[in-house]
Amino acid sequence: MSRAPNDTPTTASAEDGEVMLDGPGGLAVSLTPNAAEASAAAIAQAATIARGQMPRAKSCGD
């Protein structure tokens with residue numbers, strides 16, 4: 001059984017040269033700056049693709 005997607009964004013902070021992510025469901029991860037930048041770009045690209053896959057709301061009169 002799959003879970004519904006979470007609508008709570010992940011928070012990010014920087015500490016001692018690392019990027020710390022905290023998110024829903026107990027997500028906690030530490031990344032190097034390079035890994036954080038690459039992950040951010042991959043997430044942004046996937047979000048754009050996923051948004052395009054969402055059903056479009058019908059406008060009035062359709």
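When all heavy atoms are compared, the tightest approach of Asp22 to Ala28 is OD1-CB, 4.0 Å.
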Sequence neighbours left out, cut at 3.5 Å: what donor-acceptor pairs do the side chains of residues 29-48 make with other protein atoms?
from, atom 1, to, atom 2, distance (Å)
Ser30, OG, Glu18, OE1, 2.4
Thr32, OG1, Ala35, N, 3.1
Ser39, OG, Ala35, O, 2.8
Thr48, OG1, Ala44, O, 3.1

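Listed by chain and number, the residues in a side chain to side chain contact (heavy atoms under 4.5 Å, CB included) with Thr8 are Asn6, Pro24 (sequence neighbours excluded).
Apart from Leu27 itself, the hydrophobic cluster it occupies contains nothing, where clustering links Ile, Leu, Val, Met, Phe, Trp and Tyr at side-chain heavy-atom distances under 4.5 Å.
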